[in-house]
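Take a look at the structure set out below.
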Amino acid sequence: SVASMIDQFNMSNIDILQNLGCEVHVACNFENPGNLSEEKNRQLKETLMNKHVAYHQINFSRSVSDLKDDAVAYKQLIELFVKYQYDFVHCHSPIAAAICRVAAKKTNTKVIYTAHGFHFYDGAPKKNWMIFYPIEKSLSKITDTLVTITHEDYDRANREFNMKHLYYVPGIGIDLNKFGHTPVDIKEKRASLGLQDENVMLLSVGELNKNKNHEIVIRAIASLHDSHVHYFIAGIGDLESYLKDLSINLGVENQVHFLEFRTDVSELDEACDIFLLPSLREGLNVSLMEAMASGKPCIANDTRGNNDLIDSDKGGYLLHNDVNEYISSIHELVNHKEERDAFGAYNSEKIKDFSKEKVDAKMTEIYQAALED
């Protein structure tokens with residue numbers, strides 16, 4: 001739907017396609033680019049131009065109810081597909097993928113769809129099932145290739161959908177040469193964050209929104225009554241003021257730190273003691289994979305995707321969105337460094353199955369099959 005999806009999840013796919021000899025175009029909403037800043041959006045366009053990748057503005061909305069923009073986007077795609085006669089189109093995110101597949105059917109264009117986590121999943125709200133499940137099931141009939149990034153989504157699609165080809169790919173892959181090998185003076189990094197040697201650093205990376213659910217960690221820290229524990233959140237979002245006010249009201253404003261958007265996440269991962277991902281819903285979360293590659297113990301909600309990555313009681317703890325469970329798990333890891341080290345070492349090995357090299361090899365296979373089909 002938006003430019004940030006290209007920037008964060010598809011630059012490697014562009015390289016793979018170009019290495020296969022393909023001409024690549026990008027079509028998304030650059031005017032409302034998602035969580036990209038104006039400068040990052042400009043840099044993305046510049047990068048695409050330098051790669052000789054044509055890009056096209058499509059008025060996608062991220063709201064399922066914005067029918068006016070959906071109609072405009074559909075018309076724009078039809079014109080694009082007719083003009084360029086693409087060999088295939090690879091679409092991402094549910095709304096854009098729905099519009100794209102209908103347009104592809106209309107123009108007899110082959111389509112690959114990567115589902116970065118279906119909005120319906122075990123434990124999802126009924127509304128999600130009522131809206132998104134029938135759309136995805138119906139449109140699977142006009143999907144040449146469906147790519148899922150979690151085992152739960154793969155199993156459901158395999159049982160209940162009707163696409164021509166189905167693949168499981170473990171996310172976008174993690175660069176194991178970067179995470180876990182970042183040259184950083186950890187003591188200096190922690191000092192720059194205001195930490196003392198005896199402090200325990202908890203870290204979350206993600207937008208400040210309802211789904212990312214940082215509130216439950218803030219409430220858990222308030223209940224721990226341990227001033228040595230500090231929680232850092234790297235990200236921006238609509239709930240920033242709310243979460244800051246909550247920290248003040250709970251008396252932990254000196255222990256909860258809002259880092260806003262950061263370009264040094266790999267260094268933060270190296271510096272932290274425990275990584276937390278309290279999200280209510282995830283696909284296959286990149287920040288969680290990066291923390292695992294950095295050898296950190298992880299605490300996360302037991303949701304689709306997270307349970308593909310974290311083996312509970314081996315690499316960390318998978319919880320049930322219960323504040324008391326967060327209190328207990330944080331307390332356990334804060335007070336047992338040997339357990340933190342053991343969990344981190346386990347994660348360093350586990351994440352090798354999700355390496356960028358393995359993902360890129362699988363995507364190459366999928367693209368080659370689409371070109372030959």
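- The ring of His25 has its center closer than 6.0 angstrom to the ring center of Tyr86.
- Taking each heavy atom of Pro297 and Phe343 in turn, the nearest pair found is CB-CB, 3.7 Å.
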* Asked: Can you list the steps and then say if Phe9 with His116 is a ring-ring contact (aromatic ring centres under 6.0 Å, His included)?
  -> CA-CA 10 Å; Phe9 299 112; His116 294 261; 5.5 Å; yes
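- Counting non-hydrogen atoms of other residues, nucleotides and ligands closer than 6.0 Å to CG of Asn211 gives a total above 12.
- Shortest non-hydrogen contact noted between Asn162 and Ser140 is N-OG, 3.0 Å.
- Applying the salt bridge (charged side-chain N to carboxylate O under 4.0 Å, His left out) rule to Lys187 yields no partners; only residues at least two apart in sequence or on another chain are considered.
- At a cut-off of 3.5 Å, with distance as the only test, no side-chain donor of Tyr317 or Glu325 sits close to an acceptor on the other residue.
- Side-chain contact, Asn10 with Asn13: a donor N or O sits under 3.5 Å from an acceptor N or O.
- A donor-acceptor pair under 3.5 Å links the side-chain atoms of Ser223 to the main chain of Arg219, judged by distance alone.
- Ring centroid separation for the pair Tyr84 and His56 comes in under the 6.0 Å cut-off.
- Other residues, nucleotides and ligands place no more than 12 heavy atoms under 6.0 Å from the CG atom of Asp238.
- Residues Asp153 and Tyr121 have side chains that never bring a donor and an acceptor to within less than 3.5 angstrom of each other.
- The distance from atom OH of Tyr74 to atom CD1 of Ile58, rounded to the nearest 0.5 Å, is 13.0 Å.
- The line from CD of Glu31 to CD of Gln57 is 4.0 Å long, rounded to the nearest 0.5 Å.
- Here Ile233 contributes atom CD1 and Leu203 contributes atom CG; the two are 9.5 Å apart, rounded to the nearest 0.5 Å.
- Pro134 approaches Trp129 most closely through the heavy-atom pair CD-O, 3.1 Å.
- With no hydrogens or angles considered, no side-chain donor-acceptor pair links Glu332 and Ser329 at under 3.5 Å.
- In His257, the NE2 atom is crowded: over 12 heavy atoms of neighbouring residues, nucleotides or ligands sit closer than 6.0 Å.
- In this structure, the ring of His90 has its center no less than 6.0 angstrom from the ring center of Tyr113.
- When ring centroids are compared, Phe118 and Phe161 come within the 6.0 Å threshold.
- Between Tyr154 and Tyr167, the ring centre distance reaches or exceeds 6.0 Å.
- For CD of Glu38, the number of neighbouring non-hydrogen atoms (other residues, nucleotides, ligands) closer than 6.0 Å is 12 at most.
- With no hydrogens or angles considered, a side-chain donor-acceptor pair links Asn306 and Thr303 at under 3.5 Å.
- Between the side chains of Asn301 and Tyr326, at least one donor-acceptor pair of N or O atoms lies under 3.5 Å.
- Between Phe60 and Ala27, the shortest heavy-atom distance links the atoms CE1-O, 4.2 Å.
- To the nearest 0.5 Å, the span separating CD1 on Ile351 from OH on Tyr346 amounts to 11.5 Å.
- For the atom pair Gln8 CD and Ile172 CD1, the distance stands at 8.5 Å (nearest 0.5 Å).
- Minimum heavy-atom separation, Ala3 to Leu44: O-CD2, 3.5 Å.
- A single hydrophobic cluster is seen to contain both Phe232 and Leu268, as judged by linkage of ILVMFWY side chains at heavy-atom distances under 4.5 Å, directly or through other members.
- Heavy-atom contacts from other residues, nucleotides or ligands closer than 6.0 Å to CD of Glu39 number more than 12.
- Residue Ser61 comes nearest to Asp69 through the heavy atom pair CB-CB, 4.0 Å, listed as atom of the first residue, atom of the second, then distance.
- At a cut-off of 3.5 Å, with distance as the only test, a side-chain donor of Ser204 or Tyr231 sits close to an acceptor on the other residue.
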